[in-house]
Amino acid sequence: MDNKTWDMGLLSLPRFLASVIVVLFHCRTRSDFLGDAPRIVSAGPQMVTFFFVLSGFSLMLAYYGKEGFSPKTYWTNRLVRILPIYLIGIGLALAVNPFVGKEFTFMGLVLHLTFTHALVPPYPLTINGPAWFMSVLVVFYLLFPPLLSAIRKVRPRAGLLFAAVFTVWLLTQITLALLLNSGFYQGFPSASHDLLYYFPLAHLGSFLMGVAAAYGVLTDPRWRLSANAALGIFLLSVAAVAFVIENQAAVRSLVHRGLPFGSSFYAPFFLPVIFSCSMIRGRAEKFLSMRLWAVLGEISFAVYMLQIPVRGITSLALESLPLSYDLRMLIYLLILIALGYLLVLGVERPFRTFIRTKQSEGFVKKERP
């Protein structure tokens with residue numbers, strides 16, 4: 001396949017904006033600015049769905065066309081990308097939590113360190129709350145190799161695979177909606193809330209949608225978009241996401257029941273955003289390919305993972321100053337972005353280079369007679 005058909009680098013800016021929206025979600029209750037802004041600006045739980053779809057899409061694009069599959073290389077690549085920032089986030093949270101009134105639990109720490117906290121209520125949000133996302137994603141990382149092997153073996157039609165995946169998502173959403181509107185759901189915080197919003201099965205359809213869409217791009221030319229179609233679908237999809245988020249109350253009234261908006265409900269809305277953005281060409285491609293967006297996309301994981309402890313540190317540092325909450329929020333966001341950049345530059349990149357050097361040295365030793 002022509003490698004110009006898609007370019008994941010074009011998603012750097014959307015990825016960064018999605019991480020910032022999650023950050024703003026955790027600031028929304030006290031901010032006058034966010035209270036007046038469109039809801040999409042602070043739609044954090046919805047944006048997490050974007051990351052699940054994006055993960056499935058990018059993994060399939062990266063691995064389906066490769067000859068063979070090395071579990072060691074696969075897991076090394078995954079852990080090199082997430083482990084340094086993930087552990088720094090836990091360390092910062094442990095240092096800050098006593099000063100912001102968050103209780104420490106040894107079990108919570110053990111589950112965080114083993115990426116299993118989202119599987120065990122009531123621990124998903126202990127230690128470093130946003131890290132529940134990584135617990136779910138690691139489950140999907142575990143599922144991906146056998147899923148990839150099965151798809152390679154069966155080679156289903158792209159449309160058929162997507163229909164099966166969409167059915168999984170739909171059944172999951174129906175189940176979540178039924179539980180949400182039953183006596184099972186006890187609100188937040190509760191074990192029922194953890195199971196409906198943080199448990200991996202609730203988000204599996206999002207990840208699988210990304211996998212199925214990438215498979216279509218890779219195996220069926222009919223799934224590939226022209227430059228004009230890609231840009232048009234991208235803009236319409238973004239508008240659709242913003243419109244539905246702004247009108248969630250109306251959607252809820254229309255169906256006369258609560259819907260799991262924060263639990264992968266938006267996967268079919270985010271999929272065309274991701275799918276089309278990767279195939280944009282022309283002037284829009286040049287804009288999305290700017291070096292600045294590439295850097296911001298690279299630090300988006302750090303921005304997401306460090307947001308809660310950095311907010312605690314910033315609040316403690318600024319509490320004696322006569323500043324409005326929105327100004328404090330702006331200072332906090334700038335510090336978070338700057339810290340994310342410094343950690344990517346000083347920790348993540350060197351760690352990645354070190355591991356790849358070791359891998360290369362090991363390969364050379366194996367090849368020597």
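The structure displayed is predicted, hence computed values, not measured ones.
Between Gly187 and His193, the shortest heavy-atom contact is O-CB, 3.3 Å. Of all heavy-atom pairs between Leu119 and Phe199, the closest is O-CE1, 3.7 Å. Taking every heavy atom of both residues into account, Pro200 and Phe140 meet most closely at O-CZ, 3.5 Å. When all heavy atoms of Leu318 and Ile331 are compared, the closest pair comes out as CD1-CG2, 4.0 Å. Here the closest non-hydrogen pair linking Phe51 and Ser19 is CZ-N, 3.6 Å. Across Leu271 and Ala213, no two heavy atoms sit closer than the pair CD1-CB, 3.5 Å.
Looking only at side-chain heavy atoms (C-beta outward), Met329 and Arg311 stay at 4.5 Å or farther from each other. Between Ser276 and Leu225 there is a side-chain heavy-atom pair separated by less than 4.5 Å. The shortest distance between side-chain heavy atoms of Val136 and Tyr198 does not fall below 4.5 Å. Residues Val273 and Val53 are not in side-chain contact: their nearest non-hydrogen atoms beyond the backbone lie 4.5 Å or more apart. A 4.5 Å side-chain heavy-atom check between Leu196 and Pro260 finds every atom pair outside the cut-off.
Note that Arg78 lies in the cation-pi zone of Tyr74, set by a 6.0 Å cut-off to the ring centre and a 45° limit from the axis. Under the 6.0 Å distance and 45° angle rule, Arg28 counts as a cation-pi partner of Phe25.
Side chain of Asp326 to main chain of Phe33: a donor-acceptor pair is present (N/O by atom type, distance under 3.5 Å, no hydrogens or angles). Using a distance-only test at 3.5 Å, with no hydrogens or angles considered, a donor-acceptor pair links the side chain of Thr353 to the main chain of Arg349. With His117 contributing its side chain and Ala131 its backbone, the two residues share a donor-acceptor pair below 3.5 Å. Looking at Thr49, its side chain never comes within 3.5 Å of a backbone N or O of Tyr266 through a donor-acceptor pair. Side-chain atoms of His256 do not come within 3.5 Å of backbone N or O of Arg252 as any donor-acceptor pair. Listed for the Arg224 side chain is a donor-acceptor partner under 3.5 Å among the backbone atoms of Leu218. For the pair Ser58 (side chain) and Leu54 (backbone), a donor-acceptor distance under 3.5 Å is present. A donor-acceptor contact shorter than 3.5 Å links the side chain of Tyr332 to the backbone of Gln307. For Asn97 (side chain) and Lys102 (main-chain N/O), no donor-acceptor pair under 3.5 Å exists by modelled atom type. A donor-acceptor contact shorter than 3.5 Å is absent between the side chain of Thr172 and the backbone of Ala202.
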Stepwise side chain to side chain contact (heavy atoms under 4.5 Å, CB included) check, Val211 with Leu147
CA-CA 9 Å; Val211 169; Leu147 178 64; 4.1 Å; yes
Applying side chain to side chain contact (heavy atoms under 4.5 Å, CB included), run through His112 and Tyr86 and close with a yes or a no.
CA-CA 10 Å; His112 266 69; Tyr86 181 81; 4.1 Å; yes
Pair Phe287, Trp293 - check ring-ring contact (aromatic ring centres under 6.0 Å, His included), show working.
CA-CA 9 Å; Phe287 173 76; Trp293 308 146; 5.6 Å; yes
For Phe269 and Val238, what are the C-alpha separation, side-chain angles and deciding distance, and is it a side chain to side chain contact (heavy atoms under 4.5 Å, CB included)?
CA-CA 8 Å; Phe269 295 90; Val238 171; over 6 Å; no
Worked verdict on Phe57 versus Met8 for side chain to side chain contact (heavy atoms under 4.5 Å, CB included):
CA-CA 9 Å; Phe57 191 76; Met8 292 303 294; 3.7 Å; yes
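Under the 6.0 Å cut-off for aromatic ring centres, Phe207 and Phe52 do not qualify, their centroids lying 6.0 Å or more apart. Aromatic ring centres of Phe234 and Phe275: separated by at least 6.0 Å. In this structure, the ring of Phe144 has its center no less than 6.0 angstrom from the ring center of Tyr141. Within the 6.0 Å centre-distance limit, the rings of His203 and Trp132 are counted as a close aromatic pair.
For Asp220, the CG atom sits in a packed shell: over 12 heavy atoms of surrounding residues, nucleotides or ligands are nearer than 6.0 Å.
Salt bridge Arg152/Glu67: absent, no basic N to carboxylate O contact under 4.0 Å.
Counted by atom type alone, Ser278 and Asp7 present zero donor-acceptor pairs between their side chains at under 3.5 Å.
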